[in-house]
There are 2 protein chains.
Amino acid sequence: MIPLSDRGLEFSHLLIEVFRVNGLLLAAGDELAAPAGLTSARWQVLGVVDHGPTTVAEVARTMGLTRQAVRQTAASLVRDGMVVLQDNPDDRRAKRLALTPRGRSALREVERRQAAWANELAARISLAEIQAVTGTLRDLGDLLEDR
Amino acid sequence: MIPLSDRGLEFSHLLIEVFRVNGLLLAAGDELAAPAGLTSARWQVLGVVDHGPTTVAEVARTMGLTRQAVRQTAASLVRDGMVVLQDNPDDRRAKRLALTPRGRSALREVERRQAAWANELAARISLAEIQAVTGTLRDLGDLLEDR
DNA sequence: CGCAGATTGACAAGTACCTGTCAAAATACG
DNA sequence: CGTATTTTGACAGGTACTTGTCAATCTGCG
């Protein structure tokens with residue numbers, strides 16, 4: 001058995017907290033999005049499309065997901081009339097996703113809720129602490145990305 | 001539009017890092033588990049069952065998941081001969097999951113890899129930093145749990 | 001003891017991701 | 001110009017979760 005070093009052990013606690021906070025954040029996001037008829041995934045796609053009509057492949061690259069994942073979410077947004085497909089003169093295969101008025105108002109509603117929620121939570125943790133955690137997590141992420 | 005406060009904005013960056021690190025950790029876990037014929041989910045279930053034969057409902061409570069999620073993972077472990085179902089004299093409905101020799105050796109293999117991986121990563125971040133991040137994330141998690 | 005209520009596993013269906021494969025369309029290049 | 005390569009959306013199928021429902025069984029209480 002290879003034993004865990006002190007740091008390794010403390011590191012395991014960090015992992016557990018990351019998983020826990022991630023789960024809680026996802027749940028909070030869904031709660032914020034639900035009253036507008038959205039989920040976290042749908043909200044994120046709408047957020048990207050809000051910057052201008054975009055193809056599925058482009059949205060996927062922006063979000064760091066596969067085309068297939070975005071395709072499914074986009075299809076459900078089209079079904080619900082929050083997004084429409086526009087012909088794309090630049091590429092006959094790839095239609096552009098564009099917000100409908102309904103999609104736009106749903107997005108605005110969630111953004112309003114999200115801003116209030118983030119401000120409220122942020123008020124309870126010091127700026128220095130938030131920045132320190134963000135920095136360390138960024139380093140850890142870079143480390144993980146480098147294998 | 002409710003504007004994001006400075007802290008609120010910095011907080012948003014923190015969210016993004018949590019999501020990113022979470023995704024990278026999940027990928028790393030799957031990579032660690034794959035050579036042993038496991039996934040992160042299967043590995044976690046085996047880890048709980050390693051403490052002694054347990055019912056699906058008990059494992060679910062331990063892991064903070066639903067019975068249904070654990071049920072599916074457990075079924076796949078049974079299919080692959082890593083776990084067997086034992087009759088439970090205390091409750092005729094709820095059979096106990098128990099490790100087979102094959103399940104045990106797969107678990108040991110992943111645990112060996114995981115310890116080496118955690119030690120290596122932990123060596124690149126100071127103990128103080130790890131503890132600080134863990135503490136802040138724990139606070140944030142508690143805040144989120146209180147709504 | 002007997003019954004109401006809680007717990008359990010099974011089943012169905014849904015969300016959010018993934019990989020692999022395919023044909024059509026766009027692009028790069030000799 | 002034409003062909004090789006890349007990109008794209010669609011489709012199939014898989015993993016890991018969720019909620020809701022059901023009947024069987026266990027438990028607590030009057």
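Below, chain A is the first sequence line, B the second, and so on; all start at residue 1.
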Q: Would you kindly say whether A:Arg96 and A:Thr54 are connected by a side-chain donor-acceptor distance under 3.5 Å?
A: no
(Q) Whole angstroms only, please: what is the CG-P distance between B:Asp91 and D:dG28? (A) 12 Å
Q: Would you please say whether a donor-acceptor pair under 3.5 Å links the side chains of A:Asp30 and A:Ser40?
A: yes
(Q) Tell me the interatomic distance from B:Lys95, atom NZ, to D:dC26, atom C1', rounded to whole angstroms. (A) 17 Å
**Q.** Euclidean distance, atom CZ of residue A:Arg96 to atom P of D:dG9 [Å, nearest integer]
**A.** 11 Å
**Q.** A:Arg42/A:Asp80 ion pair, N-O < 4.0 Å
**A.** yes
Q: Determine: side-chain N/O of A:Arg71 to OP1/OP2 of C:dT19, distance under 4.0 Å, yes or no.
A: no
Q.
Please enumerate all residues that pass side chain to side chain donor-acceptor pair (under 3.5 Å) together with B:Glu129, with sequence neighbours excluded.
A. A:Thr136
Q.
Please report the interatomic distance CG(B:Asp142) to CG(A:Leu24), rounded to the nearest 0.5 Å.
A. 9.0 Å
Q: Strictly below 4.0 Å, heavy-atom distances to any atom of DNA chain D: list the hits from residues 52-59 of chain A, or just say none.
A: A:Thr55, A:Val56, A:Ala57
Q | Pair A:Arg108 + A:Glu111: basic N to acidic O under 4.0 Å | A | yes
Q: Using a 4.0 Å heavy-atom cut-off across all strands, classify A:Arg92 as base, sugar-phosphate, or nothing.
A: sugar-phosphate
Q. Is the shortest distance from a Lys or Arg side-chain nitrogen in B:Arg61 or B:Glu58 to a carboxylate oxygen in the other one below 4.0 Å?
A. no
Q: Check the distance between C:dG9's P and B:Leu97's CG and give it to me in whole angstrom.
A: 8 Å
Q: Would you check if B:Leu26 and A:Phe19 make a side-chain contact, meaning some heavy-atom pair closer than 4.5 Å?
A: yes
Q: Would you mind reading off the distance between B:Asp90 atom CG and C:dT8 atom C1', rounded to a whole angstrom?
A: 14 Å
Q. Could you write nucleotides 13-22 of chain D as a row of B, S and -, 5' to 3', where a protein heavy atom under 4.0 Å of any base atom gives B, of only sugar-phosphate atoms gives S, and otherwise -?
A. ---SBBBB--
